[in-house]
Amino acid sequence: MRTAIVAGNWKMNGNSESINELMGALVDNLQGLDAVETLVCPPAVYLSQVKGLIGDASVALGAQNASQFESGAFTGENAPGMLVDLGCQYVILGHSERRAIFGEKDADIAAKFAAAIEAGLTPILCVGETLEERESGNTMNVVGGQLKAVLDACGVESFAKAVIAYEPVWAIGTGKTATPEQAQEVHQAVRAIVAEYNAEVAAGVRILYGGSVNAANAAELFANADVDGGLVGGASLKANDFIAICRAAAEA
Ligand code: PGA
């Protein structure tokens with residue numbers, strides 16, 4: 001069976017003080033939730049601080065982005081090996097904000113995915129359609145295209161060491177969540193695409209839902225057969241909400 005994951009994507013939020021407070025509450029309250037892997041993804045400059053605050057608690061550490069390059073003259077970038085050095089196990093790649101605001105293309109994301117795997121990180125590959133794409137009936141063309149770009153470039157075997165996050169762009173930070181039916185429909189279709197390449201990898205890969213997950217809607221989203229947890233933005237900055245979402249995943 002697939003162990004659920006709840007990942008907190010803090011985006012570009014927080015400071016040393018607020019992070020001390022948030023992590024204190026998470027470390028105290030996430031103990032013993034063995035049925036779910038919990039993960040926090042702070043801004044890169046706070047990774048070391050968060051690693052220290054995690055101590056030996058069972059909360060994993062992830063980054064929000066990584067370079068496709070190993071080292072060298074790439075001002076402002078962080079290499080996957082550096083993230084591993086700081087204690088990261090995961091890295092979010094291809095988030096819609098990276099695609100839309102920073103112009104990342106499928107080929108860039110595939111290169112980052114390959115570099116992350118090579119360094120020993122578990123990529124969380126984000127895919128998702130805009131409202132316009134959904135309303136024009138193109139959800140699976142878009143989501144499938146984003147997924148196949150990485151499957152074709154990196155090979156399906158690499159997905160045995162990766163996580164997929166379905167994040168409809170229209171649901172991110174908007175308070176508008178996909179219905180459980182909408183989420184399950186896309187998650188099932190995503191798994192079917194991976195299965196076209198390798199059925200065993202498809203059965204094992206965790207597919208997270210992201211987009212306005214909160215303490216009130218988490219349980220019904222996670223109850224779906226192909227929803228293996230969540231990638232949580234806004235609600236991951238509030239300790240009580242994030243803890244409630246993690247508990248919902250553990251009980252799903
Ligand atoms: P949200 O963000 O939960 O604030 O909608 C999710 C994400 O962007 O990963």
Side-chain angles (χ1 to χ4, degrees), residues 4-14 18-19 22 26 36-44 46-47 50 59-66 88-104 109 112-113 116 121-131 133-134 139 142-143 146-147 162-180 182-183 186-187 190 206-222 224 227-249 252:
I5 300 179
V6 175
N9 174 11
W10 295 359
K11 309 194 180 183
M12 199 171 74
N13 292 296
S18 70
I19 288 171
L22 176 57
L26 297 189
V36 57
E37 273 182 53
T38 57
L39 160 68
V40 290
C41 304
Y46 294 115
L47 285 168
V50 173
V59 177
L61 186 65
Q64 298 174 14
N65 183 30
C88 288
Q89 294 118 297
Y90 290 89
V91 61
I92 299 169
L93 293 176
H95 190 279
S96 72
E97 288 149 20
R98 301 287 330 162
R99 293 177 191 263
I101 305 170
F102 300 101
E104 290 189 12
I109 295 156
K112 288 174 177 223
F113 186 99
L121 287 169
T122 300
I124 300 175
L125 172 67
C126 301
V127 295
E129 82 290 358
T130 63
L131 187 59
E133 289 161 346
R134 172 165 284 266
T139 297
V142 172
V143 168
Q146 291 170 338
L147 180 60
V163 173
I164 300 169
Y166 168 56
E167 297 208 306
V169 177
W170 48 270
I172 295 177
T174 57
K176 239 177 125 183
T177 318
T179 64
Q182 285 172 323
V186 177
H187 281 231
V190 163
R206 269 89 57 92
I207 307 176
L208 313 184
Y209 168 80
S212 298
V213 175
N214 60 38
N217 62 26
E220 59 178 13
L221 286 161
F222 299 163
N224 287 291
V227 178
D228 305 310
L231 179 54
V232 186
S236 73
L237 297 168
K238 298 178 209 136
N240 288 342
D241 291 18
F242 191 66
I243 292 159
I245 294 167
C246 291
R247 292 205 175 119

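We're numbering straight along the sequence, starting at 1. The structure presented is a predicted model; accordingly, all values stated were derived computationally and were not measured. Note that ligands are numbered from 1 as they come in the structure, with each ligand's atoms numbered from 1 the same way. Just the heavy atoms: all of them, side chains too, but no hydrogens, waters or symmetry mates, feed the values below.
Counting only distance, with no hydrogens or angles, the side chain of Q89 and the backbone of L61 share a donor-acceptor pair below 3.5 Å. Using modelled atom types, no side-chain atom of N9 and backbone atom of G233 make a donor-acceptor pair closer than 3.5 Å. With S18 contributing its side chain and G14 its backbone, the two residues share no donor-acceptor pair below 3.5 Å. Under a 3.5 Å cut-off, the side chain of Q146 and the backbone N or O of G128 do form a donor-acceptor pair.
The CD1 atom of I172 sits 8.5 Å away from atom OG of S212, with the distance rounded to the nearest 0.5 Å.
Side chains of S236 and V213 form no contact here, defined as non-hydrogen atoms less than 4.5 Å apart.
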For ligand 1, find each of its N or O atoms that sits under 3.5 Å from a protein N or O atom, and tabulate the pairs with distances to one decimal place.
| residue | atom | partner | partner atom | Å |
| --- | --- | --- | --- | --- |
| ligand 1 | 2 (O) | K11 | NZ | 3.3 |
| ligand 1 | 3 (O) | S212 | N | 3.4 |
| ligand 1 | 3 (O) | G233 | N | 2.8 |
| ligand 1 | 4 (O) | G234 | N | 2.8 |
| ligand 1 | 5 (O) | G173 | N | 2.6 |
| ligand 1 | 5 (O) | S212 | N | 2.7 |
| ligand 1 | 8 (O) | K11 | NZ | 2.7 |
| ligand 1 | 8 (O) | H95 | NE2 | 2.6 |
| ligand 1 | 9 (O) | N9 | ND2 | 3.4 |
| ligand 1 | 9 (O) | H95 | NE2 | 3.3 |
| ligand 1 | 9 (O) | E167 | OE1 | 3.3 |
| ligand 1 | 9 (O) | E167 | OE2 | 2.7 |

